[in-house]
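In what follows, a structure is listed as structure tokens, so that the remarks can point back to it.
Throughout, residue positions are numbered sequentially from 1 according to the sequence presented. Counting convention: from 1, in listed order, for ligands and their atoms alike.
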Amino acid sequence: MEKDSLIQKIWDDVLAILKDTIVKTTYDTWIVPLVPHSFEDNCFCVLSGQNLAVQIIQKHHKQISKALSEICKKDVNFKVVYDEDLHKQLEKEKQKTRKEEQKEFIKNLENRINSSRYDGLKQMRSECNLNLKYKFDNFVVGANNKFAHAVAVAVAKDPGKQYNPLFIYGGSGLGKTHLLQAIGHDILFNKPNLKVKYIKAEEFINDLVNSLAKGMDKAGDKNKKMNEFRNKYRNIDVLLVDDVQLIEGKARTEEEMFNTFESLHNSGKQIVFTSDRSPDKFENTPDRLKTRFQMGLLADIQVPDIETRMAILTKLANDNNIRIPSDVIEFLASVYNKNIRELEGAFNTISAYSSINETPITVENVKKIIGYSEKRKNVTVDGIIDIVASFYNVSTEDIKSTNRAAKTAFARQAAIYLAKEMTNESFPYIGDCFNRKHTTIMYSHSKVKSDIKTDRHLAEDIKLLTEQINA
Ligand code: ADP
Ligand code: MG
């Protein structure tokens, strides 16, 4: 056997072992792109075109050496070396793939425009309420979301057949909406004759309230409005309900959600829910709805580990054609360790900043851009909400919900103000965290800002809260 092909053969065998022993994201992102280079003096050397891979692979050094020794039936050393040429080649390939993807996309689009299906598709896309940027393609799979991702893919492939309903739950900013919309996206493109609808639970609530209110105007309209409401949610094949925890304790909405569920489920239609907590934590929801939530499949999403967070950032940088040095990626992934939305927010700020000012992206500069100081590093919007909620003795859920009780509304405004003042997040981002429009956030922020000047109690609260948050 030729020397090169022998080296390749050994590496292929090693990969087969590593595939089962190393987490898939790490394996796909960092191990697969390695190129076996030489096997001299009992040292097997691979090249990497990604600087960061060299560091990450150190963590798996033992596993790789062990696999190599197993294949070669003797102790073998292992070394990974960064290679500039390989790096350039990888970049070229990436650009080529990007260009090809773009070409493919345009070709598909043209085909669609030329086909009669296009009108239907265009209409469907607007009716189904999807944000097409959330796809399976750009969802990074790690140990934290592997199961949820796998079942979401299965549901998209065969809606209504198994896992019905699918109930995805997990903390804020961990990819629930992304997965939910990816299901819709996938079905929309691969099964265009199915009717998909994505709704935020809040819209469902508002829609119901509006239908009930309009029905009140004229006695005869009552049934008509409710029928309109019902038809809207029942005349579909796949219903995707985001943040269903928001309906908890709203008896009328819960009843209507139950009816909608029954009607769809009985006719074999797929339903997918997302929620910030599991069904058994819905304390104020009637059992009959809770059991419906639980009767299909429950899948949770956990906080991603640092390697997955780095993989997400690397993907973002690649997709946006921005070069971020490996130490910056590692730095950001270690600072934003609980919430991908915040990680992404920081990435967006940095890429916007670096494209406007021609500042190189270095850890030092990034610290300045994100306003990082040792003290500030753990201040997140969700962290602020938690502290403010317990300060005013209300629940985090209430703050994020439509609850209008005076105490809750007051706590919410204080939390919004502090979120803007104490983090570098944008109004739209903070809006997402509070389940509100960015205009609402701007209004609350400026209201508190001016109230502080005249309201001594409020000023004192804000001072105490700031101290607690910084503590
Ligand atoms: P949630 O609905 O759980 O609060 P989102 O789905 O809105 O969270 O995710 C927040 C942001 O993080 C989105 O922009 C989403 O695209 C991104 N994100 C979350 N998880 C992943 C992942 N595994 N891969 C890529 N992007 C992700
Ligand atoms: Mg969400």
Would you call Arg230 and Glu256 a side-chain contact if the rule is heavy atoms closer than 4.5 Å? yes
When you look for protein heavy atoms under 4.0 Å from ligand 1, which residues do they belong to? Tyr134, Asn138, Phe139, Val140, Asn145, Gly171, Ser172, Gly173, Leu174, Gly175, Lys176, Thr177, His178, Ile312, Ile340, Arg341, Glu344
Do NZ/NE/NH1/NH2 and the carboxylate oxygens of [X] and [Y] come within less than 4.0 Å?
X      : Y      : answer
Asp158 : Lys191 : no
Glu248 : Lys290 : no
Lys269 : Asp237 : yes

Val238 and Pro159: which non-hydrogen atoms are nearest, and at how many Å? CG2-CB, 4.0 Å
Polar protein atoms near the Mg ion (ligand 2) [N, O or S; cut-off under 2.8 Å]: Thr177 OG1
Six-ring centre of Phe258, Arg288 cation under 6.0 angstrom, axis tolerance 45°: yes
Please check: side-chain N/O of Lys420 versus main-chain N/O of Glu425, any donor-acceptor pairing under 3.5 Å? yes
Can you tell me how the ring of Phe167 sits relative to the ring of Tyr169, calling it parallel under 30°, perpendicular over 60° and tilted otherwise? tilted
Which class fits the ring pair His178 and Tyr134: parallel under 30°, tilted 30 to 60°, perpendicular over 60°? tilted
